[in-house]
Amino acid sequence: MSQTQTPPVVLVDGSSYLFRAFHALPPLTTSKGQPTGAIKGVISMIRRLDQDFPGSKVVVVFDAKGKTFRHELYEEYKAHRPPMPEDLATQIAPIHEIIRAMGLPLLIVPNVEADDVIGTLACEATAKGVDVVISTGDKDMAQLVSDHVTLVNTMTETTMDREGVKEKFGIGPEQIVDYLALVGDKVDNIPGVEKCGPKTAVKWLQSYENLDKLVEHADEIKGKIGDNLRAASEILPLSRELATIKVDVELEFGITDVQPDEPDREKLLAMFKELEFKTWVDELSRQEGVVDVSSEESTPETPEKHYSTVTDKAEFDEWVERLKKADIFAFDTETTSLNYSTAEVVGVSFAIEPGEAAYVPFGHDYMGAPEQLEPNYVLGQLKPLLEDSSQKKVGQNLKYDKNVLANHGISLEGITEDTMLESYVLNSTASRHDMDSLALKYLGEATISFESIAGKGAKQLTFNQISLEQAGPYAAEDADITLRLHRTLRPKLAAEPKLDSVYQNIDLPLVPVLSHMEQRGVMLDSATLRRHSQELAIRMAELEQAAHEEAGEPFNLGSPKQLQAIFYEKLGLPVIKKTPKGAPSTAEPVLQELAHEYKLPHLILEHRSLSKLKSTYTDRLPEMVSPRTGRVHTSYHQAVAATGRLSSSEPNLQNIPIRTEEGRRIRQAFIAPEGYKLVAADYSQIELRIMAHLSGDKSLLKAFAEGKDIHRATAAEVFDTPVEDVTGEQRRSAKAINFGLIYGMSAFGLSRQLGVERKVAQEYIDLYFHRYPGVADYMDNIRKLAHDQGYVETLFGRRLYLPEINARNKQMQQAAERTAINAPMQGTAADIIKRAMVTVENWLLDSHAEEARMVMQVHDELILEVKESAIDKVIAGLTERMSKAAELDVPLLVEAGVGDNWDEAH
DNA sequence: AGGGTCAG
DNA sequence: CTGACCCT
C-alpha cells in the first residue's frame with residue numbers, strides 16, 4: 001500500500017446515508033412537527049469527517065431525481081421501490097442547504113446516480129496520484145476499492161481496504177460486481193440466479209474466479225441450483241452491467257474543479273435554530289463573529305455534570321434537607337420491573353439544579369454489591385416529602401413512579417409537572433415521548449441507554465442486578481435530564497396559553513386518577529373464562545377438521561399464507577382483492593364475499609373469530625390476573641394517541657368484544673365484588689354532538705335539542721321521508737353516513753361500507769351536505785385551516801399537527817385531511833371525558849370513598865364498581881357530572897346501566 | 001379516524 | 001414485520 005503525503009480526497013455518498021440515517025435514528029421532529037432525524041444524522045456524519053480526515057477535501061454527492069442509464073438499460077430497474085416516505089422527502093432540501101452553507105461542494109448530477117459520480121471522480125483522482133476515501137453506507141461500493149481507494153462507513157465507524165473486502169466478502173474487489181450479479185437485488189429489482197445467496201455466490205467465485213468462467217463451466221454445477229444458474233446465464237450479463245458502478249461518466253467538471261467555500265455561519269445558525277439543533281446552535285453561537293440576534297429564548301447550555309451515588313447516611317440526610325427547601329425537584333425511581341404492579345423500588349434519584357444529581361440505591365443485591373442504606377430508612381425519610389402535596393415534583397411519566405411507590409405504602413402527591421405530558425401537549429404527533437428521545441430532541445444530548453448497562457435479550461439484567469458504578473450515573477442522569485427538559489419545555493408551554501391550559505387543567509390532573517384506576521384493577525371471573533376457552537377449543541377442532549376435509553388436505557387455518565395457497569392455487573377461487581404486496585387477500589370482507597358461493601371461507605371465518613377470542617381474551621385474560629390482588633391491572637397510556645385519547649395495554653381493556661354473542665360472553669366475565677355492582681355510563685353520540693356544536697349547523701343542533709334518534713332524523717332528511725316512515729335499511733345507511741362524516745370519509749369509503757355504487761354514495765353525501773349546510777361549511781373551513789396553519793385544535797385548544805397536510809403525495813394529503821376533520825371531534829370527546837374523570841374521581845374520593853370507585857375508561861364510557869346500597873345516588877351524581885363536563889350548544893346525554901357484570905350493565 | 005394483540 | 005381482527 002503506497003502512502004502519499006497529501007491527505008486523501010473524501011467522496012461522500014450522501015444518498016446512502018440519507019436512507020440509513022432515516023431508518024436507524026429515532027424519528028426526531030421539531031416542536032412544529034417538521035421531521036429532522038435524517039438531517040441530524042447526515043449532517044453529524046459529515047461534520048465528523050472533518051475530525052477523521054483533517055485537511056482533506058470533502059465532496060458530497062447525492063442522487064438526482066429521475067431516470068438514469070440503468071432505467072434505459074432495463075426498464076424494471078428499481079420498479080418495485082416504494083415511493084420515498086414523505087417524512088424523508090421533506091428532509092432532503094434542508095440537508096442540501098446545510099451542506100452548501102457549510103461550504104462543501106455538493107454534486108447532484110441529473111440522470112447520473114451518486115455511485116457513478118463517485119466512481120468517476122475516484123478514478124480521476126487516483127489517476128492523478130491522489131488517494132481517495134469513499135464514505136458510504138453501501139457495501140456495493142466495495143467494487144471500487146483498490147490500492148488507492150478505501151471505503152469508510154462513518155456511521156458505523158468501520159473502514160475497508162483491499163484486505164478488508166477479502167475479509168468481509170471472501171473475495172476481492174474485482175469480483176464484487178460478479179458477486180452482485182449472481183445474488184441480484186430485490187430492492188433495486190436486479191435479477192440474479194434464483195436461490196443463489198451470498199454463500200453460494202462466494203463459493204462459485206472462489207472456485208471459478210469470475211462470472212464468465214463460471215458460466216463457461218455451468219454444466220459442472222450439480223442440482224437444482226445448477227439448473228437455476230444455467231437458466232440465468234442469458235440475463236447475467238445484464239445484471240452485471242446494472243451492478244457495475246461507472247467510472248467513465250462524462251462530467252462537466254473534474255475533481256480539481258470542485259473546491260470548498262467559506263462556511264456561511266449566519267445561514268447555518270438560522271437553519272440549526274429552525275431545526276432546533278440546540279447543541280450546534282450553542283457551538284456556533286460561541287464561535288467568534290456570530291452574534292445571535294434572533295434569539296428570544298436562551299438555549300440551554302450543557303452544564304458541567306456532577307452525579308453522585310449516595311450510600312452514606314450523612315450525605316443522604318443532607319440531600320433530604322436540600323429537597324425540602326427546593327421549590328421543585330426532579331424525581332425518578334429505579335425498579336425491578338417495568339410492570340408497575342409487581343415492581344419493587346431499588347433506588348431513587350433526585351435533581352434540584354441542572355447538572356447536579358444523586359442516585360440513592362438501596363436494593364441492589366448482586367454478588368459483591370457495596371453496602372447501601374437501609375430501604376426502610378431511605379423510604380421512611382422520603383415518605384413525608386413525597387406525600388406532601390405542597391412539595392412540588394417534576395418527573396417523566398410520574399404515574400409509573402406513583403404506582404410503584406404505592407407498592408411500598410407511599411402515596412406520591414404533588415405531581416405538579418410531568419415532562420412526558422409537556423412534550424405530548426406541545427406536539428402529540430411526535431411519535432415518541434420517552435426521555436431518551438426528548439433529551440436528543442430538546443437538549444441535543446444522547447443519554448445512557450438502558451441496554452448499554454443492562455444488556456439485551458434473555459440475558460438482560462433487572463435494575464437491582466446492575467452494578468452501582470453503572471447504575472449510579474444512569475439513574476442520576478434520568479433525574480438531571482428530567483429537570484433540564486422541564487426547564488426547556490415548560491416555557492414553551494407557558495408561551496401558548498391554550499396548550500398550557502390543556503396541560504394544567506386536563507392532562508396533569510388526570511395522572512393520579514389513572515394511577516388509582518390502574519392500582520384498583522378490575523375483577524375477573526377466571527373460572528368462567530377458562531370453561532369458555534375449553535368450549536372454544538372443541539368448536540375450533542370441529543371447524544378445523546371440516547376445513548381440512550373441504551380443502552382435501554390438512555393445513556394451518558391460522559396462516560394467511562397457507563390459506564392463499566389452498567384458496568387461489570389449489571381450489572382456484574376468484575381473487576377479489578389483493579394485499580398491498582400484491583398477494584391475493586384473505587381478509588374478512590373477501591372471505592365474507594366468497595362465503596356466498598363456497599363452504600370453506602365460511603369455516604375459516606368462524607374459526608378465525610373464535611381463535612381471536614380464545615388467544616386474546618379467554619386464554620390470556622386469566623393469565624393477567626395479579627396473584628397479589630386477584631384482579632387485572634391494565635396500563636393507561638396518556639401520551640400515545642395523537643388525538644388526545646387514552647390507550648390501554650397489558651391487557652388492553654378498551655377492545656373487549658361486544659359485537660357478537662360469543663364475544664359478549666367475555667364481557668360477562670368482568671364482574672364486581674360481593675355486595676357491589678358494575679355501573680357503566682357512556683356518552684351518547686358524543687362525536688356527532690361535538691360536530692353539531694363545532695359546525696353550529698341549525699338542523700343538527702335542533703335534532704339533538706329535541707332529543708331525536710339522530711340516525712333516524714338523518715335518514716328522514718337524506719331520503720326526504722317523514723320520520724315515522726324511515727325504514728330499517730334507510731336508518732342503517734344514515735348511520736353509516738354519520739360515521740363516515742366523523743371519520744372524514746370519502747364517497748369511496750362510504751360506498752364500500754354500504755355496499756353500493758360509488759356514485760350512489762356520492763349522492764348520499766351531496767344530499768347530506770345539502771340538508772346540513774352548516775356541516776358542509778365546517779368541513780371546508782377545517783380543511784382550509786389545516787392547510788393554512790398546519791394543525792387543527794379541539795374545543796379546549798389541544799393541538800394536533802398534520803405534517804403531511806401539504807404533502808405532494810395526494811393520498812397522504814387526503815389522509816391528513818381526513819385526520820383534520822376527525823381529530824377535533826375525537827379529541828374534543830377525549831378532552832371532555834378526561835375532565836369528567838377528574839371531577840368524578842374527586843367527588844367519589846371526597847364523599848363516597850367506600851361506596852364507589854372508577855375502574856375503567858373506554859373512550860366514551862366510564863365503568864364503576866358501586867355498592868348496591870348506593871347505586872341510585874351514585875348514578876345520579878355520575879351522569880350529572882359527566883353531562884356537565886363541557887358546556888356545548890347541544891346537551892351531553894349520558895346513559896347509565898347497572899349489572900352483575902359488564903355485559904349486563906349495558 | 002384512532003388504538004393493541006396475536007400468530008406465522 | 002405483516003395480515004388479520006378486536007374496540008370506540
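Note on naming: letters A, B, ... go to the chains in the order of the sequence lines (proteins, then strands), and numbering restarts at 1 for each one.
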Checklist entry - Less than 6.0 Å separating the ring centroids of A/Y772 and A/Y768? => result yes
Checklist entry - With a 6.0 Å cut-off on ring centres, are A/Y400 and A/Y340 close enough? => result no
How long is the line joining [atom1] of [X] and [atom2] of [N], in whole Å?
{"X": "A/Y683", "N": "C/dT8", "atom1": "OH", "atom2": "P", "answer": "17 Å"}
{"X": "A/R608", "N": "C/dC6", "atom1": "CZ", "atom2": "P", "answer": "10 Å"}
{"X": "A/L610", "N": "C/dC6", "atom1": "CG", "atom2": "C1'", "answer": "13 Å"}
{"X": "A/Q685", "N": "C/dT8", "atom1": "CD", "atom2": "P", "answer": "13 Å"}
{"X": "A/I666", "N": "C/dC6", "atom1": "CD1", "atom2": "P", "answer": "10 Å"}
{"X": "A/H859", "N": "C/dC6", "atom1": "NE2", "atom2": "P", "answer": "16 Å"}
{"X": "A/Y617", "N": "C/dC6", "atom1": "OH", "atom2": "C1'", "answer": "4 Å"}
{"X": "A/N652", "N": "C/dT8", "atom1": "CG", "atom2": "C1'", "answer": "11 Å"}

Just checking [X]: base, sugar-phosphate only, or nothing, at a heavy-atom cut-off of under 4.0 Å?
{"X": "A/G744", "answer": "nothing"}
{"X": "A/N822", "answer": "sugar-phosphate"}
{"X": "A/Q562", "answer": "nothing"}
{"X": "A/E588", "answer": "sugar-phosphate"}
{"X": "A/S648", "answer": "sugar-phosphate"}
{"X": "A/L646", "answer": "nothing"}
{"X": "A/A642", "answer": "sugar-phosphate"}
{"X": "A/R645", "answer": "base"}
{"X": "A/I656", "answer": "sugar-phosphate"}

Next on the checklist: With salt bridge (charged side-chain N to carboxylate O under 4.0 Å, His left out) as the criterion, how do A/K834 and A/D831 come out once you've worked through the C-alpha distance, each side chain's angles and the decisive distance to 0.1 Å?
Outcome noted: CA-CA 5 Å; A/K834 281 176 170 178; A/D831 290 343; 5.4 Å; no
Checklist outcome for this item: Counted 5' to 3', the first and last nucleotides of DNA chain B within 4.0 Å (strictly under) of a heavy-atom of chain A are B/dA1 to B/dG8
Next on the checklist: Could you check whether any side-chain N or O of A/Q813 sits under 3.5 Å from a backbone N or O of A/A807, counting only pairs where one atom can act as donor and the other as acceptor?
Outcome noted: yes
Checklist entry - Under 3.5 Å, is there a donor-acceptor pair between the A/H859 and A/E687 side chains? => result no
Checklist entry - Is A/R665 salt-bridged to A/E904, cutoff N-O under 4.0 Å? => result no
Checklist entry - Counting only heavy atoms not in A/K784, do more than 12 sit closer than 6.0 Å to its NZ atom? => result no
